Amino acid sequence: MKLSKYLLPVLKETPSEAEIISHTLMLRSGMISQSSSGIYSWLPIGLRVLKKIENIVRDEQNNAGVNEILMPTIQPADIWNESGRYEDYGKEMLRINDRHDRQMLYGPTNEEQVTDIFRRSIKSYKELPQLLYHIQWKFRDELRPRFGVMRGREFLMKDAYSFDIDEMKSEDSYNRFFICYLKTFARMGLKAIPMAADTGPIGGDLSHEFVILSKTGESDIYFDQRILQEDESINEIDYEGDLKKPVEKFKSYYSVSDDKYNESEFNKNVDKQNQMQSRGIEVGHIFSFGTKYSTSMKANVLDFDGKEKSVYMGSYGIGISRLVGAIIETSHDEKGIIWPDVVAPFLFGIINLSPKDEIVSSNAEKIYNYISDKYETIYDDKKDNAGVKFSRMDLIGIPHQIIIGNKSKSDNEIEYKNRRTGNSEFINIDKIDEFIKRFPSYSAI
RNA sequence: CGGGGCGUAGCGCAGUCUGGUAGCGCAUCUGGUUUGGGACCAGAGGGUCGCAAGUUCGAAUCUUGCCGCCCCGACCA
């Protein structure tokens, strides 16, 4: 992609409304544009990151054997009346009347909708379990939206739902998602810690939040640091194998957020040298809520004995748009964002320092064509000053940068700069083929 | 929802107290000089001062109402 043909409205100054670093950087790097409080447009570079994250989440759901569906954003009030939540949900739910004055709502979540789908189509225990997910925009009319996309009113979520014949089978599904979540966050380069959580207004008793460690997170968390080492072996866990054992292993470590924290319990459960305190951002939540919705909404199947039974359900969310902000919170410096390779809007950025020099430009163009053939690449062909180009490329966080200028012409070399380390090295133009082989291709996603 | 703050050019702000018809920096456009870390010179364009009503000869400025946005708290992916 040539920058001269791309919408990238970077800001030099910090917009006055931004409070935390990820919000500031998303606005400054031209990723998002605020539409109204807690509601944002995603501009080209921001959308690319959002899609990267979405696709990793999707891929990991698919790997775990979950089937993708897509439910609507607008739902009828009827099914919410069935579950009783139309009254319970309160002002966070955006209520709408259609032209026939029928009560509708913009979905804050989808338990009712998915339960309705399930009960229309599944009638026998033989068809269980059913594992379904969708990735959709939701709306919760928060009292106070803040922190940009970290706590917007409109947000993109992956929601999954499980349907099982009994509590034991339901726990198998729960464990499947538990592992799936650890794999998903690890793949994005995040340290995610599962924490026992309250089930909240939705009810139930089996619930974990997944929190990523970040100095600027919203809540204080206390945990056994050995859980971090456990995280490193997560890729080896096979869904076909026993999932209960690794999940129990994770659950055995102490990890709680400040509202559940108790000092004496912490001391009792964790040796002093393993005690850790950090700030964290909640990016995922899984919980099992039994027959809460299946009973009220009559989502029944026939069991092997011919009797009708309410199915056991669970629900599993990942805040995809929130993850964009969360990753920035964990990965930035004073110059701007530092994207992990797997979610970067472009893996490579090429800076042409002398766009008016024909020889330099034709070299840069060749290198751009060569690299962009294999990797997503943004090519800064604009006629700005060198400093502007360097700082812009750093601000938007492109992990691998190629710098081409007059020096390249005289020395037949290009400079490669790593955004994260800041280290540079010079590569002979004739050996670019060898250089490029160092980088794995992420085009598979 | 309780408390606080802000709304003036695309962005960041001054001017409001003490009323006299709007300014600075950055950005943008033109010409020129620059070109390895947010350049320089010269010129130009861009604002019914959030909206409405009121007071006044005259309102960005005073009064009232409304709208929007932000921050702290309670709540949440």
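Chain letters run A, B, ... following the sequence lines, proteins first, then strands; residues in each count from 1. Model, not experiment: these values are computed from the prediction. All values below come from the heavy atoms of this structure, side chains included, with hydrogens, waters and symmetry mates left out.
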Does Gly422(A) reach a base, just sugar-phosphate, or nothing at all? Heavy atoms under 4.0 Å. nothing

With heavy atoms under 4.0 Å as the rule, sort Gly405(A) into base, sugar-phosphate or nothing. base

For Thr14(A), answer base if it contacts any base atom (sugar-phosphate contacts may also be present), sugar-phosphate if it contacts only those atoms, and nothing otherwise; contact means non-hydrogen atoms under 4.0 Å. sugar-phosphate

Side chain of Trp339(A), backbone of Ile396(A): donor and acceptor closer than 3.5 Å? yes

G23(B) to A60(B) separation - P atoms, rounded to the nearest Å: 13 Å

If you take atom types as modelled and just measure distance, does the side chain of Lys356(A) reach the base of U34(B) with a donor-acceptor pair under 3.5 Å? yes

Touch class at under 4.0 angstrom, heavy-atom based, for Lys389(A) against every strand present: nothing

Please report whether the ring centroid of Tyr6(A) lies less than 6.0 Å from that of Phe346(A). yes

Aromatic ring centroids of Phe210(A) and His208(A) under 6.0 Å? no

For the base of G37(B), is there a side-chain donor-acceptor partner from Asp394(A) under 3.5 Å away? yes

Whole-Å C1' distance, G7(B) and U16(B): 13 Å

Does C62(B) pair with anything, Watson-Crick or G-U wobble, both distances under 3.5 Å, and if so, with which nucleotide? G54(B)

Assign Ile403(A) to base, sugar-phosphate, or nothing according to its heavy-atom contacts below 4.0 angstrom with the strands shown. base

Between Arg95(A) and Tyr86(A), is NZ or CZ placed under 6.0 angstrom from the six-membered ring centre and within 45° of the ring axis? yes

Atom CG of Asp384(A) to atom P of C40(B): distance rounded to whole Å? 14 Å

So what does Ser391(A) touch, heavy atoms closer than 4.0 Å: a base, only the sugar-phosphate, or nothing? base

Is the distance from OP1 or OP2 of C71(B) to the nearest side-chain N or O of Arg144(A) less than 4.0 Å? yes

Gap in Å between the two C1' atoms, one belonging to C75(B) and one to G2(B), rounded: 14 Å

Go through C70(B), A39(B), C75(B) for me and flag the one nearest to the Glu92(A) side chain. C75(B)

Quick check, does Phe155(A) stack with A77(B)? I mean ring centres under 5.5 Å and planes off by under 30°. yes

What interatomic distance, in whole Å, is found between C1' of G32(B) and the corresponding atom of G25(B)? 23 Å

Whole-Å distance, Gln34(A) CD to C6(B) P, equals 19 Å

For atom P, what is the distance between A59(B) and C17(B), given to the nearest Å? 14 Å

Considering every strand and a 4.0 Å limit on heavy-atom distances, what is the contact class for Glu142(A): base, sugar-phosphate, or nothing? base

Run the ring-centre check on Phe439(A) versus Phe348(A) and record whether the distance is less than 6.0 Å. yes

Check the distance between G37(B)'s P and Met393(A)'s CE and give it to me in whole angstrom. 16 Å

Partner lookup for G2(B), please. Criteria are Watson-Crick or G-U wobble with both distances under 3.5 angstrom; report none if nothing qualifies. C72(B)

Just to be sure I understand the rule, does Arg153(A) reach a base, reach only the sugar-phosphate, or reach nothing, if contact means heavy atoms closer than 4.0 Å? nothing

Applying the 3.5 Å cut-off to both distances, the Watson-Crick or G-U partner of A77(B) turns out to be none

Would you mind classifying the nucleic acid contact of Leu11(A) as base, sugar-phosphate or nothing, using non-hydrogen atoms under 4.0 angstrom? nothing

Could you tell me how far apart Asp380(A) (CG) and G38(B) (C1') are, to the nearest whole angstrom? 13 Å

Would you say Ser22(A) and Glu329(A) are linked by a side-chain donor-acceptor pair, where the criterion is simply a distance under 3.5 Å? yes

Polar pair under 3.5 Å, donor/acceptor by atom type, side chain Arg140(A), base C76(B): no

Across every strand shown, the nucleotide meeting Watson-Crick or G-U wobble geometry with G31(B) (both distances under 3.5 Å) is C41(B)

Counting only side-chain heavy atoms from C-beta out, which of C70(B), G38(B), C11(B) sits nearest to Arg28(A)? G38(B)

Is the ring centre of Phe223(A) less than 6.0 Å from the ring centre of Tyr254(A)? no

Can you check whether Ser16(A) has a side-chain N or O nearer than 4.0 Å to OP1 or OP2 of C13(B)? yes

Return the value, rounded to whole Å, for the distance between atom CZ of Arg151(A) and atom P of A74(B). 11 Å

Please determine, for the side chain of Lys12(A), which listed nucleotide (C26(B), C69(B), G37(B)) has the closest atom? C26(B)

Strictly below 4.0 Å: does Ser37(A) bring a side-chain N or O up to OP1 or OP2 of G68(B)? no

The side chain of His285(A) is closest to which nucleotide in this list: A74(B), G12(B), A77(B)? A77(B)

Taking the same atom, P, in A44(B) and in C49(B), what whole-Å distance lies between them? 25 Å

So, for Phe155(A) and Trp137(A), is the gap between ring centers shorter than 6.0 Å? no

Spacing of the C1' atoms in C76(B) and G38(B) (rounded, Å): 39 Å

Measuring only the P atom in each nucleotide, how far is G19(B) from C24(B)? A whole number of Å is fine. 24 Å

Should G23(B) form a Watson-Crick or G-U wobble pair with both distances under 3.5 Å, which nucleotide is its partner? C13(B)

Mind checking if Lys417(A) touches a base, just sugar-phosphate, or nothing, with heavy atoms under 4.0 Å? base

